[in-house]
Amino acid sequence: MRRTGPALVRMWWAATAVLLAVGAAAHFDLVTEDRLGPLVATTEVAAGGGGFPGPGTDFDSLPSVRYAGIDVGLLAARVVPDNRTGRPIVIAEIAVRNTSSVQARLLLRMVQLAGPDGELIAADRFDYTDHRSRLVVEPGAVDRGLLVFKLGPGRPPILSDYRLQIGEEGRWPADLPLDGPVPPALYPLPLEVTADEPTDYRGLSITLLDARSALQYRLYRARIGQHLALIEVSISGPSTLVASLDRSAWALLDDDSGRSPIRAVTGERSADGEAVTTVLVFAYDTEASALRLAIGQGEQRRVVAEFEAQAFE
């Protein structure tokens, strides 16, 4: 036993490491920070606590906003005017619902307190979470945490003057008031169609179904200075030709350049089997005043539809 003990221990550790590695790869669909959303898991896999917003609390009854695959709801907010630091403290208890199929991480740096004068105050910490710098939520789960903000010396703040600003640096944030209703979302808005007609391309017939300007689509969140164009088309033709039509065939053109789709999401074929719908997701500059959806390259390029965009800086 003395001779085999160390060998058995080494074998046990090796087997455990393999099981952990396999389990992590199977359970977590890890993504990287070049994805457009808060799902920024790295090779470190953190365990979320799981749970529900609170006894008898329905998440859909909370004031909430959506940010690229997660819903952030406000459970409660309060001001602590007097404390040992001599500075007022704002505390916001939030619930986060992960609507995606991958692990979500709401990082502490993604949440700021926005005041009436436009000042942004960084969060000091997360409380009642497994990690004080982030809230980790598994796919389809809801978890909660307590955000603590330390303000400068002065009069205690009025909650109705403050809101949580949620977002990654450089992307359009979502605002969640600490007191009062959540304003209606301004987007998505229809993109005004100025020209469209069924387009023939390599034996396929392509028809525009819908077009909208948006700030987000599933896990994707537009950068500041850009919007997302969500364009739905119907593609009719032999299934083999439809299957050969990949994302690189499409482009969204403005006066200066063209952009390839971020995503091309193909739906099911129609009941008669003659057509399939595809949602094309493009990023475009908010300075653009006119856009054109095109398919193909060079002399084979065909314009499917033209849109008027609301240009602004």
Side-chain angles (χ1 to χ4, degrees), residues 31-37 68-69 101 170-172 187-313:
V31 295
T32 59
E33 287 190 299
D34 59 359
R35 294 288 293 274
L36 308 185
S101 60
R171 303 193 187 275
W172 294 106
Y187 292 91
L189 286 175
L191 275 173
E192 183 178 346
V193 181
T194 57
D196 78 292
E197 60 182 28
T199 303
D200 293 328
Y201 176 75
R202 292 187 174 181
L204 299 171
S205 179
I206 301 168
T207 305
L208 176 70
L209 298 179
D210 189 43
R212 295 182 176 273
S213 177
L215 298 184
Q216 62 185 347
Y217 178 78
R218 298 184 180 178
L219 303 185
Y220 297 87
R221 188 79 178 185
R223 295 182 181 276
I224 294 174
Q226 293 183 343
H227 280 183
L228 299 180
L230 312 180
I231 303 177
E232 184 177 5
V233 295
S234 173
I235 307 172
S236 301
S239 58
T240 54
L241 292 180
V242 174
S244 66
L245 190 65
D246 62 17
R247 186 178 65 177
S248 64
W250 300 93
L252 189 67
L253 312 175
D254 58 22
D255 295 335
D256 300 320
S257 61
R259 295 180 181 272
S260 298
I262 297 171
R263 288 286 307 274
V265 183
T266 302
E268 297 181 358
R269 297 189 71 88
S270 60
D272 58 14
E274 295 183 354
V276 65
T277 60
T278 296
V279 176
L280 302 166
V281 184
F282 296 91
Y284 71 93
D285 292 337
T286 56
E287 298 177 0
S289 58
L291 304 168
R292 291 174 294 154
L293 174 66
I295 187 169
Q297 304 289 336
E299 295 181 355
Q300 294 186 330
R301 173 166 282 176
R302 299 289 183 269
V303 174
V304 178
E306 299 182 11
F307 313 96
E308 181 180 333
Q310 183 180 359
F312 62 92
E313 296 291 340

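Here the structure is a predicted model, which means the values were calculated and not measured. Side chains included, hydrogens not; waters and symmetry mates left out as well; all remaining heavy atoms used.
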Any non-hydrogen side-chain atom of [X] less than 4.5 Å from a side-chain atom of [Y]?
| X | Y | result |
| --- | --- | --- |
| Asp285 | Gln226 | yes |
| Val233 | Leu293 | yes |
| Leu245 | Tyr201 | yes |
| Pro198 | Thr207 | yes |
| Val242 | Thr266 | no |
| Ile262 | Leu228 | yes |
| Tyr217 | Pro188 | no |
| Val265 | Arg218 | yes |

To the nearest 0.5 Å, what is the distance between [atom1] ([X]) and [atom2] ([Y])?
| X | Y | atom1 | atom2 | value |
| --- | --- | --- | --- | --- |
| Thr194 | Glu306 | OG1 | CD | 5.0 Å |
| Arg212 | Leu230 | CZ | CG | 9.0 Å |
| Leu253 | Tyr284 | CG | OH | 14.5 Å |
| Ile235 | Leu204 | CD1 | CG | 7.0 Å |
| Asp210 | Glu232 | CG | CD | 6.0 Å |
| Phe282 | Asp254 | CZ | CG | 12.0 Å |

Verify, without hydrogens or angle tests, whether [X] (side chain) and [Y] (backbone) share a donor-acceptor contact under 3.5 angstrom.
| X | Y | value |
| --- | --- | --- |
| Trp172 | Arg223 | yes |
| Ser289 | Glu287 | no |
| Arg263 | Val281 | no |
| Arg301 | Gly296 | yes |

Heavy-atom pair of closest approach, residues [X] and [Y]:
| X | Y | answer |
| --- | --- | --- |
| Leu189 | Tyr187 | CD1-CE2, 3.8 Å |
| Leu191 | Ser213 | CG-N, 3.9 Å |
| Asp196 | Ala305 | CB-CB, 3.7 Å |
| Ala275 | Ser236 | CB-OG, 3.4 Å |

Under a 3.5 Å threshold, yes or no: a donor from one side chain and an acceptor from the other, between Gln216 and Arg171?
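No - no donor-acceptor pair under 3.5 Å links their side chains.
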Only one of Val279, Leu208, Val304 clears side chain to side chain contact (heavy atoms under 4.5 Å, CB included) with Ile231; which?
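One option only clears the test, and that one is Leu208.
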